[in-house]
**Q** 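Here's a structure for you.
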Amino acid sequence: DAGVIQSPRHEVTEMGQEVTLRCKPISGHNSLFWYRQTMMRGLELLIYFNNNVPIDDSGMPEDRFSAKMPNASFSTLKIQPSEPRDSAVYFCASRIPSGNTIYFGEGSWLTVV
Amino acid sequence: AQSVAQPEDQVNVAEGNPLTVKCTYSVSGNPYLFWYVQYPNRGLQFLLKYITGDNLVKGSYGFEAEFNKSQTSFHLKKPSALVSDSALYFCAVRDTDGSSNTGKLIFGQGTTLQVKP
């Protein structure tokens, strides 16, 4: 079975540019999570969805960040405009209905210069 | 609020020796606890979890973890370490808002395991 698929794997962009990260959860999973990993702050939950509906976005750092899940098989995390402090690894993860374990993608490694 | 703590930034062991990576937790209600491993430049991989039942939980790659309610700990263990076990290990607890499962996992800061030949 395919795992959680994220794209792009690596992106280098200039400050001020728009960045869009994409995620395809595991088929049949109805919960989707976006995490950010940095050396300073570790793993932080940004937002999560149940059945395509955003449930908790309290971890989204500021209005420059937005996330959507238009259908059960696709989600995006957008940063506009990007800043150097947004440089991090962004992970998408998914979970089956009523399950406990979440499964992570390989991450999108973002560098903003 | 739910939380986990990993008191060691790094653990060094020699290949073939037993290893322990420590984790303590603070939860309201019954804890749902997890261990994940992250190899360099990779995503997090699920190792094992404790939900209920036996306090000793067995997982992938020969790892196991012991749930200790009185000490609020969930230490990761392996009887004989391999060089290939060198990675970053995360302990996590399922978050609740008091009465219901939010589905979120709260992660510790991670412990780097270094296994030397």
Side-chain angles (χ1 to χ4, degrees), chain A residues 1-7 9-10 21 23-26 29-60 88-111, chain B residues 1-10 23 25 27 29-53 57 59-60 63 65 67 74 87-98 100-112:
Chain A
D1 288 340
V4 176
I5 299 172
Q6 293 187 243
S7 65
R9 287 295 316 278
H10 299 272
L21 308 179
C23 176
K24 177 178 169 56
I26 296 171
H29 286 200
N30 74 330
S31 295
L32 184 140
F33 306 81
W34 283 101
Y35 280 86
R36 178 172 68 176
Q37 184 181 30
T38 60
M39 289 291 291
M40 292 298 294
R41 301 173 69 90
L43 275 165
E44 305 172 276
L45 178 65
L46 300 179
I47 186 172
Y48 83 98
F49 297 83
N50 272 352
N51 297 316
N52 313 338
V53 176
I55 302 300
D56 182 356
D57 65 354
S58 60
M60 295 286 263
V89 186
Y90 291 82
F91 288 107
C92 179
S94 69
R95 182 177 68 111
I96 63 171
S98 301
N100 292 298
T101 304
I102 66 173
Y103 296 90
F104 284 78
E106 290 295 301
S108 291
W109 303 70
L110 174 65
T111 302
Chain B
Q2 325 288 75
S3 66
V4 290
Q6 296 180 242
E8 302 155 315
D9 289 336
Q10 182 158 329
C23 173
Y25 65 88
V27 303
N30 294 321
Y32 285 29
L33 298 159
F34 303 78
W35 276 101
Y36 285 79
V37 60
Q38 184 180 26
Y39 297 101
N41 302 316
R42 302 293 303 276
L44 278 72
Q45 296 180 30
F46 169 72
L47 276 180
L48 52 79
K49 65 183 176 186
Y50 172 82
I51 305 298
T52 187
V57 179
S60 306
F63 283 92
F67 172 68
F74 189 56
L88 183 58
Y89 290 80
F90 290 95
C91 183
V93 64
R94 189 187 72 175
D95 190 29
T96 67
D97 63 359
S100 63
N101 170 22
T102 68
K104 301 185 293 186
L105 290 185
I106 298 171
F107 287 86
Q109 286 297 305
T111 298
T112 299

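Below, chain A is the first sequence line, B the second, and so on; all start at residue 1.
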**Q** The test is side-chain contact (heavy atoms from CB on, under 4.5 Å); show your working for A/Leu43 and B/Leu44 and say whether it passes.
**A** CA-CA 11 Å; A/Leu43 275 165; B/Leu44 278 72; 3.6 Å; yes

**Q** Checking B/Gln45 against chain A: side chain, backbone, both or neither under 4.5 Å from a heavy atom?
**A**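 For B/Gln45, no heavy atom lies under 4.5 Å from chain A.
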
**Q** Step by step, would you call B/Phe107 with A/Gln37 a side-chain contact (heavy atoms from CB on, under 4.5 Å)?
**A** CA-CA 11 Å; B/Phe107 287 86; A/Gln37 184 181 30; over 6 Å; no

**Q** What are the two closest heavy atoms between B/Gln38 and A/Phe91, and how far apart are they?
**A**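 Nearest pair, atom of B/Gln38 first, then A/Phe91: NE2-CZ, 3.4 Å.
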
**Q** May I have the step-by-step check of side-chain contact (heavy atoms from CB on, under 4.5 Å) for A/Thr101 and B/Tyr36, ending in yes or no?
**A** CA-CA 10 Å; A/Thr101 304; B/Tyr36 285 79; 3.8 Å; yes

**Q** Restricting to non-hydrogen atoms, name the atom on B/Asn41 and the atom on A/Arg9 that form the minimum distance, rounded to 0.1 Å.
**A**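 The pair with the smallest heavy-atom distance is O-NH2, 3.6 Å.
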
**Q** If you compare all heavy atoms of B/Leu105 against all heavy atoms of A/Ile102, which two are closest, and at what distance to 0.1 Å?
**A**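 That would be CD1-CG1, 3.6 Å.
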
**Q** Less than 4.5 Å to any heavy atom of chain A: does that hold for the side chain of B/Leu88, its backbone, both, or neither?
**A**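 When you check distances to chain A, only side chain atoms of B/Leu88 fall under 4.5 Å.
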
**Q** Restricting to non-hydrogen atoms, name the atom on A/Tyr48 and the atom on B/Lys104 that form the minimum distance, rounded to 0.1 Å.
**A**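 Taking every non-hydrogen atom into account, CE2-CG, 3.3 Å.
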
